[in-house]
Asks: 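Sharing a structure, written as structure tokens. Questions coming.
Please read these numbers as outputs of a predicted model, since none were measured by experiment. Every chain is numbered from 1, with letters handed out A, B, ... down the list of sequences.
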Protein chains: 2
Amino acid sequence: MTEVVRVLLADDEHLIRGALAALLSLEDDLVVVAEAATGPEALAMARAHAPDVAVLDLQMPGADGVKVATSLRAELPGCRVLIVTSHGRPGHLKRALAAGVRGFVPKTVSAQRLAELIRTVHAGNRYVDPELAADAISAGDSPLTAREAEVLELAADGAPVAEIAERAALAEGTVRNYLSSAATKLGAENRHAAVRLARERGWV
Amino acid sequence: MTEVVRVLLADDEHLIRGALAALLSLEDDLVVVAEAATGPEALAMARAHAPDVAVLDLQMPGADGVKVATSLRAELPGCRVLIVTSHGRPGHLKRALAAGVRGFVPKTVSAQRLAELIRTVHAGNRYVDPELAADAISAGDSPLTAREAEVLELAADGAPVAEIAERAALAEGTVRNYLSSAATKLGAENRHAAVRLARERGWV
DNA sequence: CGCTCGGCATGACAAATGTCAGACGCGGCT
DNA sequence: AGCCGCGTCTGACATTTGTCATGCCGAGCG
């Protein structure tokens, strides 16, 4: 094991990023070559340092971890991506895997374990946290059609139907119809509960 | 400075807690005597080890940082509390200060800075992050009356008015009235937008 | 081709929600 | 005491939202 893994660390919480950098540096075969606090910064750093593995927080200002991963996939195909997250929602995992992410774990893992996982994804293997995977499977695919999801998203901040209709270029009746069917599919009493459920499952 | 500060660390994210414990241990005058992943666990650990300073995450399973701080205040008056948080909302700061918390900072600070702050609060001084303080001041006090806030909270998960009325033991008309006046005070179009705004400002 | 099925879209009607004027009690103020 | 102002509470009315029956179009299939 003479090979050294060059790591990029991106997380908006300085406390965690710094602490993590220090801990990972204790491992002989890992070296943190760059740190970033935002999505765009992470991309810039990746271009500049071409790391072997990028450890990305899911929620960062600017662009979230999955978006960064997508861009990275295109620009630096050799760079493996490992996502860490505080509040894992099923849909995110699905999107992340679709973006070519190699690992997906909650922040409840230990640093020791994270170091192992960095080696794992660097070796070309995949790893997703079993519990998150189980959630994603039990949540299943979104039953919503494209328009239903679109309208539900526009309804997310509590806007009245008239405004949604205008933004989506639809008749009010149509908007109500989509909201209603979305709510039925999700088993919600009304559209607001539907928005909440869809968010929890990562479908919006 | 021969005195050693005994620290309790509570955060549900193992990654951060562990990393933090390691970093703080590098400081000669700080020693982490206990760690916890949940609110109740933090309380139990505090009782067992009687730390000088408790570093608490705001959002933990079981009981949040402020609730733990309140209990701690009663049981271990000598233990100073420092709250760290990822997403600082104005209302939380206010609640925290009311609970006798001595420090309140976002997780974007560096570990170095955190170590300084632990010494600061241990010395009996207070510290709140300037930016969070500014937010709290600009957000001001909640304009909602007790009933308005209560009803708005019951409406938070999208429940229909009839259900809220039953839970609050009020007539439906009354509930609608409170929701309406709350929405007006918050400058919201409807109650759902009102819930969102009140959450953002930490008023629910 | 002719058929069915599912997604998209609409308007009319029923139900839920928002708005209004007003009643009651309580505390502060002159 | 008498008079506000404020919070609490209510029902009646207007508006918004949810539900339903229906039509249109393209994809898949016998």
Side-chain angles (χ1 to χ4, degrees), chain A residues 91 94-95 98 139-204, chain B residues 91 94-95 98 139-204:
Chain A
K94 199 155 293 187
R95 282 198 305 133
D141 270 338
S142 170
L144 304 176
T145 69
R147 285 288 185 287
E148 282 164 357
E150 180 190 344
V151 170
L152 199 58
E153 191 145 15
L154 287 171
D157 54 353
V161 172
E163 191 180 319
I164 300 172
E166 191 182 3
R167 287 215 243 173
L170 288 175
E172 294 193 13
T174 311
V175 170
R176 284 199 286 274
N177 202 325
Y178 284 143
L179 290 173
S180 178
S181 80
T184 304
K185 284 178 180 175
L186 297 176
E189 293 272 342
N190 54 41
R191 63 173 146 142
H192 305 286
V195 166
R196 200 169 47 76
L197 287 171
R199 269 200 202 290
E200 279 173 16
R201 295 174 192 170
W203 289 338
V204 289
Chain B
K94 198 156 295 188
R95 281 199 305 132
D141 270 338
S142 170
L144 304 176
T145 69
R147 285 289 185 285
E148 281 164 357
E150 180 189 344
V151 170
L152 199 58
E153 191 146 15
L154 288 171
D157 55 353
V161 172
E163 192 179 318
I164 301 171
E166 192 183 2
R167 286 216 244 175
L170 289 174
E172 295 194 12
T174 311
V175 171
R176 284 199 285 274
N177 201 324
Y178 284 144
L179 290 173
S180 178
S181 79
T184 305
K185 284 179 179 174
L186 298 176
E189 293 272 341
N190 54 42
R191 65 174 146 143
H192 304 286
V195 166
R196 201 171 45 79
L197 287 171
R199 271 201 199 290
E200 280 174 16
R201 294 169 163 83
W203 289 338
V204 289

Asks: Does the side chain of A:Thr145 reach to within under 4.5 Å of the side chain of A:Lys185, using non-hydrogen atoms?
Replies: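 They are in contact (side-chain heavy atoms under 4.5 Å apart), so the answer is yes.
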
Asks: Using whole Å, report how far CD of A:Glu166 lies from C1' of D:dT16.
Replies: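 It works out to 17 Å between those atoms.
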
Asks: Measuring from atom CG of B:Leu152 to atom CH2 of B:Trp203, what distance do you get when rounded to the nearest 0.5 angstrom?
Replies: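 Separation between the atoms: 11.0 Å.
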
Asks: Are any of the side-chain heavy atoms of B:Thr174 and B:Arg147 separated by less than 4.5 Å?
Replies: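 No, every pair of side-chain atoms sits at 4.5 Å or beyond.
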
Asks: Please report, rounded to the nearest Å, how far the C1' atom of D:dC6 is from the CG atom of B:Leu144.
Replies: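 Result: 15 Å.
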
Asks: D:dC9 C1' sits how many Å from B:Glu150 CD, rounded?
Replies: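 So the two atoms are 13 Å apart, to the nearest Å.
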
Asks: Starting at CD of A:Glu148 and ending at C1' of C:dC8, how long is that distance when rounded to a whole Å?
Replies: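 After rounding, the gap between these two atoms is 10 Å.
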
Asks: Near DNA chain C, which residues from residues 177-193 of chain A have a heavy atom under 4.0 Å away?
Replies: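 Contacts with DNA chain C under 4.0 Å: A:Asn177, A:Tyr178.
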
Asks: Measure from the side-chain N and O atoms of B:Asn177 to the backbone N and O of B:Ser180, and report whether any donor-acceptor pair falls under 3.5 Å.
Replies: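 Flag not set: sc B:Asn177 to bb B:Ser180 has no pair under 3.5 Å.
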
Asks: Can you tell me the distance, in whole Å, between the CG atom of A:Leu170 and the C1' atom of C:dG7?
Replies: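 About 13 Å, once rounded to whole Å.
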
Asks: Just the rounded figure in Å: distance from P of C:dG25 to CZ of B:Arg147.
Replies: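 It is 17 Å, rounded to the nearest whole Å.
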
Asks: Which part of the nucleic acid, if any, lies within reach of B:Arg176 when heavy atoms closer than 4.0 Å are counted: base, sugar-phosphate only, or nothing?
Replies: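 Base contact.
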
Asks: Go through the steps to decide whether B:Glu200 and B:Arg196 satisfy the test side chain to side chain contact (heavy atoms under 4.5 Å, CB included), and finish with yes or no.
Replies: CA-CA 6 Å; B:Glu200 280 174 16; B:Arg196 201 171 45 79; 3.3 Å; yes

Asks: What distance do A:Ile164 atom CD1 and A:Glu153 atom CD have between them, rounded to the nearest 0.5 Å?
Replies: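 So the CD1 of A:Ile164 and the CD of A:Glu153 are separated by 11.5 Å.
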
Asks: Is there a side-chain contact between B:Val161 and B:Arg191, using heavy atoms and a 4.5 Å cut-off?
Replies: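 In contact.
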
Asks: Closest heavy-atom contact between B:Ala183 and B:Ala194?
Replies: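 Heavy atoms of B:Ala183 and B:Ala194 come nearest at CA-CB, 3.9 Å.
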
Asks: Under 4.0 Å, counting only non-hydrogen atoms across every strand here, what does A:Thr145 touch: a base, just sugar-phosphate, or nothing?
Replies: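 Sugar-phosphate: the residue A:Thr145, judged by heavy atoms under 4.0 Å, touches backbone atoms but no base.
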
Asks: For residues 152-161 of chain B, which residues have at least one heavy atom under 4.0 Å from DNA chain C?
Replies: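 Nucleic-acid contacts, sorted: B:Pro160, B:Val161.
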
Asks: Taking the side chain of B:Ala146 as heavy atoms from C-beta outward, which of D:dC9, D:dG11, D:dT8 is closest to it?
Replies: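 Output: D:dT8.
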
Asks: Determine, stepwise, if the pair A:Val151 / A:Leu170 fulfils side chain to side chain contact (heavy atoms under 4.5 Å, CB included).
Replies: CA-CA 10 Å; A:Val151 170; A:Leu170 288 175; 4.2 Å; yes

